[in-house]
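Here's the structure, in structure tokens; my notes come after.
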Amino acid sequence: MPYAKIIGSGGYLPPRVVSNDALAADLATRQVETSDEWIVTRTGIRQRHIAEPGTRTSELAIHAARAALDDAGVAPDDIDLIIVATSTPDYVFPSTACLVQAGLGASGGAAFDVQAVCSGFVYALTTADAYIQAGRATTALVIGAEVFSSILDWSDRSTCVLFGDGAGAVVLQASNTPGIIGARLNADGSQMKVLHAAGNVAHGQVVGDPFLRMDGQAVFKLAVTHLSNSAQQVCQESGVALSDIDWMVPHQANVRIINFLGRKLGLDPSRVVVTVDQHANTSAASVPLAFDTARRDGRIQPGDLVLMQGVGGGFTWGSVLVRM
Ligand code: ACO
């Protein structure tokens with residue numbers, strides 16, 4: 001059975017950078033009070049990229065996909081599977097993956113979206129890995145992309161300061177050498193209320209609340225508990241020790257969650273990739289953006305063992321172990 005090997009990656013961030021100070025000044029005009037000091041202390045976030053109004057998730061995804069295809073040296077027509085992880089799709093349908101396929105000029109292969117919020121990329125990566133291992137795909141494009149700014153309530157300071165927009169992508173190819181060597185996905189739907197955007201479209205109208213709502217402290221506790229258990233389980237199942245991990249690429253929600261998790265797992269902080277200070281939380285895009293950043297700056301090297309982890313609404317979480 002072949003392995004799925006990551007042969008390229010790419011990322012894209014919308015050009016508009018909004019610092020905490022700029023965001024605080026903008027929110028003040030709406031009588032919403034926050035500060036750089038509060039945001040940095042509680043989250044580690046210093047800035048985020050925000051897409052211009054009307055920007056679609058597929059546009060960001062296509063930019064990231066092109067960068068990943070260039071990096072891999074693969075032509076769009078060689079792709080026989082596209083999976084996009086997003087909670088902010090362009091349309092109810094078709095899927096954002098179909099729009100990406102058309103935008104890239106790729107043809108013929110399967111294309112669909114997965115919805116697991118901030119765990120979306122590890123869910124999509126695990127799905128593509130299963131397709132490749134089963135011989136049902138040879139070269140897959142896996143993308144996490146979000147215009148999360150479109151589902152934020154800008155009058156709710158407890159959530160709107162936390163997120164940004166962006167996209168990240170990897171190209172996976174069947175290979176006789178590892179590859180993705182382990183994956184574990186989980187969900188607990190009974191915890192849906194800790195993080196949700198509980199609106200829907202019916203009879204041409206948005207029904208319910210279209211904005212993201214969160215119980216921050218509950219999310220913090222669930223994230224740390226589930227991610228540390230998941231890391232230990234995926235390592236045990238894959239026959240590697242936590243100490244064998246060269247790079248951990250966790251979901252970039254909050255630097256305090258990342259630090260707490262790293263300490264709990266006994267990982268050297270210099271081996272944990274952090275981009276939340278620059279990107280904020282880009283939901284499904286956060287892991288591939290962080291992974292691409294660390295590949296391009298030379299930290300992640302061929303042969304390295306990388307642990308990617310996602311956690312988010314659902315409640316969902318998951319881990320993927322990759323030999324580069
Ligand atoms: N600026 C200034 N003050 C604020 C802000 C803000 N942006 N947001 C909240 N506050 C105030 C609150 O009103 C409250 O004031 P009060 O004491 O007068 O009532 C005070 O700060 C403390 O509020 P808490 O919600 O208790 O703050 P907490 O210390 O829990 O920090 C945070 C909030 C950062 C969200 C924290 O709970 C956390 O890190 N949670 C993890 C969740 C997370 O990171 N989610 C990201 C998305 S989910 C995901 O990706 C998995």
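For the single chain, residues carry numbers from 1 onward in sequence order. One-based numbering, in listed order, for ligands and for the atoms of each.
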Identify the closest protein heavy atom to atom 1 (N) of ligand 1: which residue and atom is it, and at what distance?
Thr34 OG1, 2.7 Å
Side chain proximity check, Leu104 to Ile62, heavy atoms < 4.5 angstrom
yes
Sub-3.5 Å N/O-N/O distance, Arg157 and ligand 1
yes
Between Ile39 and ligand 1, find which residue part has any heavy-atom pair under 4.0 Å and reply side chain, backbone, both or neither.
neither
Please check if the side chain of Thr282 supplies one atom and the backbone of Gly164 the other of a donor-acceptor pair under 3.5 Å.
no
Could you list which atoms of ligand 1 come closer than 4.0 Å to a heavy atom of Val219?
42 (C), 48 (S), 51 (C)
Ignoring hydrogens and geometry, is there a side-chain-to-backbone donor-acceptor pair from Thr55 to Ala51 under 3.5 Å?
no
Short list, please: which atoms of ligand 1 are under 4.0 Å from a heavy atom of Asn281?
46 (C), 47 (C), 49 (C), 50 (O)
Would you mind finding which of Trp38, Trp317, Phe220 brings a heavy atom closest to atom 33 (C) of ligand 1?
Trp38
Residue-level breakdown please: for Val117 versus ligand 1, do any non-hydrogen atoms fall below 4.0 Å on the side chain, on the backbone, on both, or on neither?
neither
Under 3.5 Å between some N or O of ligand 1 and some N or O of Gly216?
yes
Under 4.0 Å, heavy atoms only, figure out whether ligand 1 is touched by the backbone of Val161, its side chain, both or neither.
side chain
What do you think, any protein heavy atom under 4.0 angstrom from atom 13 (O) of ligand 1?
yes
If you count heavy atoms of other groups shown closer than 6.0 angstrom to CZ of Phe211, is the number above 12?
yes
Do other residues, nucleotides or ligands put more than 12 heavy atoms under 6.0 Å from the CD atom of Gln236?
no
Would you call the rings of His226 and Trp317 parallel, tilted or perpendicular if under 30° counts as parallel and over 60° as perpendicular?
parallel
Salt-bridge contact Asp292-Arg296 (side-chain N to carboxylate O under 4.0 Å)
yes
Purely on distance, is any nitrogen or oxygen of Thr43 under 3.5 Å from one on ligand 1?
no
Can you tell me if Ser158 has a non-hydrogen atom under 4.0 Å from ligand 1?
yes
Who's the nearest protein heavy-atom neighbour of atom 38 (C) of ligand 1, and how far?
Asn254 ND2, 3.6 Å
What protein heavy atom is closest to atom 35 (C) of ligand 1, reported as residue, atom name and distance in Å?
Met214 CE, 3.8 Å
For Leu195, the ligand 1 atoms whose distance to one of its heavy atoms is below 4.0 Å:
48 (S)
Only one of Leu125, Val287, Ile7 passes side chain to side chain contact (heavy atoms under 4.5 Å, CB included) with Val170, and that residue is Leu125
May I ask you to say whether Arg16 pairs ionically with Asp165, meaning some side-chain N is under 4.0 Å from a carboxylate O?
no
Nearest non-hydrogen protein atom to atom 24 (P) of ligand 1, with distance, is Gln217 NE2, 3.9 Å
Closest protein heavy atom (residue, atom, distance) for atom 31 (O) of ligand 1:
Arg42 NH1, 4.0 Å
Hey, mind stepping through Leu321 and Leu305 against side chain to side chain contact (heavy atoms under 4.5 Å, CB included) and telling me if it holds?
CA-CA 7 Å; Leu321 259 181; Leu305 185 63; 4.0 Å; yes
What atoms of ligand 1 come closer than 4.0 angstrom to any heavy atom of Phe163?
47 (C)
Using a distance threshold of 4.0 Å (strictly less than), state whether atom 26 (O) of ligand 1 has a protein heavy-atom neighbour.
yes
I'd like to know if atom 47 (C) of ligand 1 has any protein heavy atom within a distance of less than 4.0 Å.
yes
According to the interplanar angle, ranging from 0 to 90°, do the rings of Tyr12 and His63 count as parallel (below 30°), tilted (30 to 60°) or perpendicular (above 60°)?
parallel
Just wondering, more than 12 heavy atoms not from Arg136 lying within 6.0 Å of its CZ?
no
If you have a sec, work out which protein heavy atom is nearest atom 51 (C) of ligand 1 and how many Å separate them, to one decimal?
Val311 O, 3.3 Å
Looking at Asp153 and Arg213, is any side-chain nitrogen of the basic one under 4.0 Å from a carboxylate oxygen of the acidic one?
yes
Just which atoms of ligand 1 are under 4.0 Å from any heavy atom in Arg256?
39 (O)
Any protein heavy atom sitting closer than 4.0 Å to atom 19 (O) of ligand 1?
no
Could you check whether atom CZ of Arg46 has more than 12 heavy atoms from other residues, nucleotides or ligands sitting under 6.0 Å from it?
no
